[in-house]
Amino acid sequence: MSHQSLHAWVEDVAALTRPNKIHWCDGSEQEYQQMVQELLNDGALIELNQDSHPNCYLHRSDPQDVARVEHLTFVCTNNKADAGPNNNWMDPKEAHALMDDLYAGCMEGRTLYVVPYCMGPVESPYSRLGVEITDSPYVVANMRVMTRMGQAARDKIEAGAPFVKGLHSIGELDPERRYIMHFPEELTINSFGSGYGGNALLGKKCHALRIASWQARQEGWLAEHMLIVGVESPEGEVHYIAAAFPSACGKTNLAMLVPPEEYKGWKIWTVGDDICWMHPGPDGRLWAVNPEAGYFGVAPGTSEKTNPNAMAMLQRDAIFTNVAVTSDQQPWWEGMQDGTPATDWRGRDFDAENGKASHPNARFTVSAKQCPSYTEKADEAQGVPISAILFGGRRAGLVPLVMEAKDWAHGVLLGATMASETTAAATGQVGVVRRDPMAMKPFCGYHYGDYWAHWLSFADKVPNLPKVFQVNWFRKDGDGNFMWPGFGDNLRVLEWVIQRCKGEAEVVSTPVGLVPKADGVNLTGLEMNQEQLKSLITIDQSGWQHEFSEIKTYLDGFSPRLPASMANLAENIEQQLSS
Ligand code: OXD
Ligand code: MN
């Protein structure tokens with residue numbers, strides 16, 4: 001696509017949407033401040049306490065526009081089967097007609113912003129370009145924080161680099177007229193009727209996961225819903241770990257964890273908290289970049305105890321969405337140790353009878369560079385080499401604290417069969433267990449069967465693949481209490497994972513995976529003994545038999561594209577469990 005095609009596309013969109021004005025974003029600080037000023041003037045942003053939180057602002061969204069809308073999100077491929085049973089599908093022609101009707105005249109009286117952006121470090125061979133056209137200055141401000149937005153990306157596109165075309169309008173924020181459409185074969189995204197992050201910041205889920213996963217399959221790499229964290233031992237050895245957890249299951253907390261007191265000399269380096277693009281490197285390892293430049297994290301539950309690094313990075317230059325505020329205009333959410341909410345997320349006087357003060361999916365938007373555990377590696381063109389991949393979810397029972405896959409194919413099965421309790425990050429019922437393979441259920445832009453085959457194909461292509469593990473921080477006892485302390489103490493599990501990557505630490509082999517020995521995980525300083533740890537790593541044979549009968553039915557839903565080797569492996573494990 002050339003320079004002309006960017007301009008021609010902008011002209012076509014303007015002819016359809018009929019904005020009053022067109023603004024080409026350059027990504028400068030001055031432009032950001034101007035945008036903030038306009039948002040403050042029309043009330044879309046509210047100034048927070050500038051003494052305690054300089055350059056921090058609050059946005060209150062429409063109360064019916066607070067999360068991703070999976071039932072209104074579509075993958076529009078020419079062949080329906082390519083989208084797979086894991087996606088909603090619409091015929092591309094029908095989808096374009098529907099969207100063009102919605103877009104007709106939708107920007108009258110508004111400014112059309114052209115937002116050129118780069119996902120990944122600008123000079124990285126792994127980065128990808130995009131342009132989002134939007135009529136929401138709130139979206140522009142967020143895109144400036146979340147992506148490398150502005151002139152550098154525009155220059156590359158105008159020099160002829162290919163780019164993803166994203167068109168977004170908030171429309172009337174009517175949930176009945178809301179669609180998030182993906183056309184992977186056209187590298188195009190159409191979003192209408194929502195201003196919420198995952199629906200509206202098109203660089204994130206729409207581009208960096210749904211479209212990118214499609215491209216990654218064609219080009220031989222992986223676009224995943226994973227954090228990337230570096231763990232440095234006191235000896236100065238750093239291992240990078242990529243970990244997939246569903247939305248609102250603690251990716252941000254794990255990516256920024258602060259080592260427990262007993263781990264003197266250990267350091268944590270945050271490369272990313274949500275998305276990971278992995279490529280086979282020249283040395284036969286997988287190398288990862290975080291395509292994003294900021295964090296769009298879940299605020300409730302974030303505290304000095306759970307994530308002190310996040311609390312530190314949220315003291316300045318941040319946008320808060322749907323949090324509560326204290327009487328002196330400081331941001332507040334459930335889980336915070338200090339402060340009292342005076343006004344709830346909808347701007348009403350806070351009254352506990354009306355429910356929570358902040359929305360359960362309230363968010364912060366902040367530059368990655370503000371995190372105390374930020375590492376310059378996050379901006380390095382080659383990315384970082386990955387030693388281990390973790391798959392995790394919220395499971396009150398069954399799934400052990402940590403379990404290692406026997407080989408890559410088994411690791412792919414662990415990822416493909418993971419399940420988790422649903423959270424407030426998407427509309428719909430919260431707390432029901434659903435299968436969420438690789439934490440990509442809402443984000444895989446094509447048929448899961450093809451996706452697993454693509455994952456499996458790395459066994460032949462990459463000689464030094466990461467080791468794969470399944471983890472579960474969320475086991476509960478009979479009284480409903482969490483059995484594992486989690487947060488900073490998760491480093492204890494990461495230490496075991498790293499030992500395994502180095503060929504150290506013994507394991508107990510079970511049909512479902514390799515678990516640590518009872519003394520394998522360092523419990524020093526915890527109010528927990530080896531007996532208690534044992535109950536977290538013991539494999540419940542009959543529970544797993546039941547799980548595997550469900551897994552097989554689930555996997556069958558992806559035939560005929562389910563890789564035969566995966567079906568065979570599941571069958572084989574089930575047989576071992578019953579013998
Ligand atoms: C997110 C999500 O916003 O997964 O990262 O919903
Ligand atoms: Mn996410």
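Start at 1 and go down the list; that is how both ligands and their atoms are numbered.
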Peer 1: Determine, using ring centers only, whether F558 and W452 are less than 6.0 Å apart.
Peer 2: yes

Peer 1: Regarding K205, does it place an N, O or S atom less than 2.8 Å from the Mn ion (ligand 2)?
Peer 2: yes

Peer 1: So how far is it from W214 CH2 to T77 OG1, rounded to the nearest 0.5 Å?
Peer 2: 5.5 Å

Peer 1: Can you see whether T321 engages Y138 through a side-chain donor-acceptor pair at a distance of less than 3.5 angstrom?
Peer 2: yes

Peer 1: Could you tell me whether W345 and W333 have their ring centroids closer than 6.0 angstrom?
Peer 2: no

Peer 1: How long is the straight-line distance from CD1 of I170 back to CG of D65, given to the nearest 0.5 Å?
Peer 2: 9.0 Å

Peer 1: Can you tell me how far apart CE (M403) and CD (Q470) are? Round to the nearest 0.5 Å.
Peer 2: 4.5 Å

Peer 1: Residues around ligand 1, heavy atom under 4.0 Å from any ligand atom, sorted by chain and number. Can you pull those?
Peer 2: R68, K204, K205, H225, S247, D274, F296, R363, A425, F443

Peer 1: How wide is the angle at the Mn ion (ligand 2) between NE2 in H225 and OD1 in D274, to the nearest 10°?
Peer 2: 90°

Peer 1: Does Q337, at its CD atom, have more than 12 non-hydrogen atoms belonging to other residues, nucleotides or ligands within less than 6.0 Å?
Peer 2: yes

